[in-house]
Amino acid sequence: MSGTLQRTVIGQGAAMNEQKTQHWADAVASEVAAGGRPPVISTGISPSGEIHIGNMREVLTADAVYRALNDLGVATGFHFVADNFDPLRKVSPFLDRETYAPLVGRPLSEIPCPCGEHESYAAHFLEPFLESLGKLHVHVDVVRADELYKSGRMNQRIVTALQRRDVIVAILKELTGKDMGDDWSPFVPMCNACGRMNGTRVTGFDGGQETVDFTCKCGAAGTLPMAGGGKLQWRIDWPARWLTLGVTVEPFGKDHSTRGGSYDTGIRIAREVFEYEPPHPIPYEWISLKGQGDMSSSKGNVLSIGHMLKVVPPEVLRYMVMRAKPVKTIKFDPGRPLAQLVDQVDDATAKGRDERAMELSRAAGFEPVGVPYKHLVMVAQVARFDLDRVMEILERTGYPGVSRTAVADRLEYASHWLAEFAPEEEKYTVQERLPEEAAGLTEDQRRFLSLLAAGLNDGMEGAAIHDLIYHVSEQFEGTPPAELFQAIYLSLLGKARGPRAGSFIAILGPGFCKGRFAEAAG
RNA sequence: GGGCCGUUAGCUCAGGUGGUAGAGCACCAGCCUUUUAAGCUGAGGGUCGCUGGUUCAAGUCCAGCACGGCUCACCA
């Protein structure tokens, strides 16, 4: 306590509070900046399936550090490696078995697109992802693994790995306890006859000519150029890439961070084989879907980034990642909690928001609306997403002068959210005809509606209708007001609850409601 | 079997270098001339997983245990 007092005096209140706990990205950034090497952040994803918001965390985690380093005034490299030269490992459920079973073992960059509209299988998943990155304002140099290999930039790494094959085997044996076997090679050739990587074997190599000799289970054999003739095994590929790209910081999923995992072996291989100091690690946790566990395509619970970018602005997705420490699991709930998150991002005065995380969440063109999201969602539904009517209602409900473009923008998101993720209580639909639910109205409720209908006239304003409702309800001493209101909502919405009755009726049109209430009264 | 992470109010989580706990949401109450909405104000609510240890003092350090989750075993 005494320490806090001292700091408060020195730090002058609010400014000090912000510095009280440093944001994780700033902590990593200052550590990396002090490391002596020019910072180069790397990140990578294998485009073997739909790239979802779980994968997004990796890139945003890297981007946070990238921005934090920029804020420190440190020039930083930032690239994204698409592992499109990895072989297809299995025929996923969403693929046509006939077509893809024979393609297992061939690189993702070399096999056809599932939908036929992209130039390869890898591109099919990569392109929408890169498009989403643009919207998220992640500005990263994209490095495609197939191009990296085909360009020859990995050749020297391949030569080194083949020459020091025994050192690598010893390291893997020591850290993983596994024997590699006599015919094991750090290089995986791609058969020039059948195009597959899963049945080939290295039989020799020429470091000077940069070629590799191979045999394949398809019966082929021959000599391949190192450039594009295959790739390094993942555990060697990763540290090799660190050296080639000069990587000094890299976030990776917890699957790599376990003891004996690929980062563990990568450290040793980097130092002892490639003579390179491994990058600063940022292990991160998965994003799980509320109630459904981790996202995975086999579970069918994948939410793609492009999909979620239709539901909330990019700033909201960014903020979700920025405010959580990488080691913490993010439980993603696209229902009401996501809507609350929208308010935190929209409202600069929102309590409990993390300002630094907010800064790191900036994308482009975000214009705050200044209307609580729940309210906006309700108004949008009453107005059936008609922008003019929405603006008119907002004007009347205590939010005058809000930006029309900002509202229009937010309505677009709200409609998607309502359609897919909003809880039922948040949804209202004015029924075209008298809802079935109105059949169960009590005698009192019917009489109430009848009297209400009699008092309604076109042109009445919300306040007048409001007064009318209460005036009429006074005649029903024995019936709780709640029941009377239910009659209104049941006959309009088919639900027991709804928006504030007076203005709601005014918006719908007193004439329309007059007829509806009379009909419901029977 | 190895390893990692988590376990703080109903929920989601904050809690640099140890000094008997906080924020948002939810909930409840009051106010706004009288909805079950929105808004404003306020209240309640926690033996900080368990057990020991170090200490004048531990959510905060150490050890062990329990529960939960995850990950690795050269198919990331």
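Each chain gets a letter, A, B and so on, in the order the sequences are listed, and its residues count up from 1.
Atom CZ of A:Arg259 and atom C1' of B:C72 are 12 Å apart (whole Å). Atom pair A:His256:NE2 and B:C72:C1' shows a separation of 12 Å (rounding to whole Å applied). If you measure from atom CG of A:Asp255 to atom C1' of B:C75, you get 14 Å, rounded to the nearest angstrom. When the C1' atom of B:A37 is taken as reference, atom OH of A:Tyr373 falls 17 Å away, rounded to whole Å. Rounded to whole Å, the distance from CG on A:Asp333 to P on B:G10 is 19 Å. Rounded to an integer number of Å, the gap from CG of A:Leu492 to C1' of B:A37 is 15 Å. Distance A:Trp234 CH2 to B:A73 P: 13 Å, rounded to the nearest Å. Note: CE (A:Met197) to C1' (B:C74) measures 17 Å, nearest angstrom.
Nucleotide B:A58 forms no Watson-Crick or G-U wobble pair with any nucleotide shown, as no partner meets the under 3.5 Å limit on both distances. Summarising the base pairing, B:G1 is matched to B:C72 through a Watson-Crick or G-U wobble pair whose two defining distances lie under 3.5 Å. Pair assignment for B:U7 gives B:A66, based on Watson-Crick or G-U wobble hydrogen-bonding distances that are each under 3.5 Å. Using N1 to N3 plus N6-O4 or O6-N4 for Watson-Crick, or N1-O2 and O6-N3 for G-U wobble, each under 3.5 Å, B:U20 pairs with nothing. B:G45: no Watson-Crick or G-U partner with both key distances under 3.5 Å is found in any strand.
Between B:U20 and B:G46, the distance separating the two C1' atoms is 13 Å to the nearest Å. Of the P atoms belonging to B:C48 and B:U7, the separation is 14 Å, rounded to the nearest Å. Comparing the C1' positions of B:C67 and B:G24 gives an interatomic distance of 28 Å, to the nearest angstrom. For the P atom pair drawn from B:A66 and B:C28, the interatomic distance equals 41 Å after rounding to whole Å. Using atom P as the reference point in both B:G22 and B:C31, the two lie 30 Å apart (nearest Å). Rounded to a whole angstrom, the distance from the C1' atom of B:G10 to that of B:G2 is 38 Å. Atom name C1', nucleotides B:C50 and B:U8: the rounded distance is 15 Å, in whole Å. One C1' atom belongs to B:G64, the other to B:A26, and the distance between them is 38 Å to the nearest Å.
For A:Gln486, the side-chain atoms get nearest to B:U36 when compared with the rest of B:U36, B:U71, B:C74.
The two atoms that bring A:Gly260 and A:Arg235 nearest to each other are O-NH1, 2.9 Å, heavy atoms only.
Residue A:Lys328 places at least one side-chain N or O closer than 4.0 Å to OP1 or OP2 of B:A14. When the side-chain nitrogen and oxygen atoms of A:Lys331 are compared with OP1 and OP2 of B:C13, one or more of them lie within a distance under 4.0 Å.
If A:Ser257 and A:Pro372 are placed on RNA chain B by their nearest nucleotide, the residue sitting closer to the 5' end is A:Ser257. Nearest-nucleotide positions on RNA chain B place A:Gly260 closer to the 5' end than the other of A:Gly44 and A:Gly260.
Atom CG of A:Asp83 and atom CG of A:Leu126 lie 10.5 Å apart (nearest 0.5 Å). Atom CG of residue A:Asn84 and atom CD1 of residue A:Ile111 lie 11.0 Å apart, to the nearest 0.5 angstrom.
Residue A:Lys495 is out of contact with every strand shown, counting any heavy-atom pair closer than 4.0 Å. As judged by a 4.0 angstrom heavy-atom cut-off over every strand, A:Asp264 is placed among residues making no nucleic acid contact. Residue contacts for A:Trp184: at a heavy-atom cut-off of 4.0 Å it reaches a base atom on one of the strands shown. Counting any heavy atom pair closer than 4.0 Å across all strands shown, A:Asp237 reaches no nucleic acid atom. Residue contacts for A:Gln233: at a heavy-atom cut-off of 4.0 Å it reaches the sugar-phosphate backbone alone, with no base atom in range.
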(Q) Please encode protein proximity along nucleotides 23-30 of chain B as a string of B, S and -, counting only heavy-atom distances under 4.0 Å. (A) SSS-----
Pairs: protein N or O with nucleotides 33-35 of chain B N or O, under 3.5 Å:
unit_1	atom_1	unit_2	atom_2	d
B:U34	O3'	A:Tyr470	OH	3.4
B:U35	OP2	A:Tyr470	OH	3.3
B:U35	O5'	A:Tyr470	OH	3.0
B:U35	N3	A:Tyr489	OH	3.0
B:U35	O4	A:Ala501	N	2.3

**Q.** Verdict with supporting geometry, A:Arg356 and A:Glu359, salt bridge (charged side-chain N to carboxylate O under 4.0 Å, His left out)
**A.** CA-CA 5 Å; A:Arg356 181 53 175 152; A:Glu359 278 176 26; 2.7 Å; yes
Q: Check the pair A:Asp146, A:Lys231 against salt bridge (charged side-chain N to carboxylate O under 4.0 Å, His left out), reporting the backbone distance first and the verdict last.
A: CA-CA 9 Å; A:Asp146 69 316; A:Lys231 70 184 289 290; over 6 Å; no
Q.
Assess the residue pair A:Thr244 and A:Arg157 against the criterion (side-chain hydrogen bond (donor to acceptor under 3.5 Å, both in side chains)); give the C-alpha distance rounded to whole Å, side-chain angles, the decisive distance to 0.1 Å, and a yes or no.
A. CA-CA 8 Å; A:Thr244 295; A:Arg157 303 299 97 73; 2.7 Å; yes
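With respect to A:Pro251, the side chain to side chain contact (heavy atoms under 4.5 Å, CB included) criterion is satisfied by exactly one of A:Thr61, A:Val59, A:Val65, A:Val28: A:Thr61.
For A:Thr329 and B:G6, a side-chain-to-base donor-acceptor distance below 3.5 Å is absent, hydrogens and geometry of angles not being considered.
Taking the six-membered ring where tryptophan is involved, the planes of A:Tyr121 and A:Phe125 are perpendicular, since the angle between them exceeds 60° and thus also 30°. Between A:Trp238 and A:His256, the ring-plane angle classifies as tilted under the 30° and 60° cut-offs.
Judged by distance alone, with hydrogens and angles left aside, the side-chain atoms of A:Arg196 form a donor-acceptor pair with the main-chain N or O of A:Pro102 at under 3.5 Å.
Of the N and O atoms on the side chains of A:Arg144 and A:Ser109, not one donor lies less than 3.5 Å from an acceptor on the other residue. For the residue pair A:Glu285/A:Thr329, the side-chain donor-acceptor check at 3.5 Å is satisfied.
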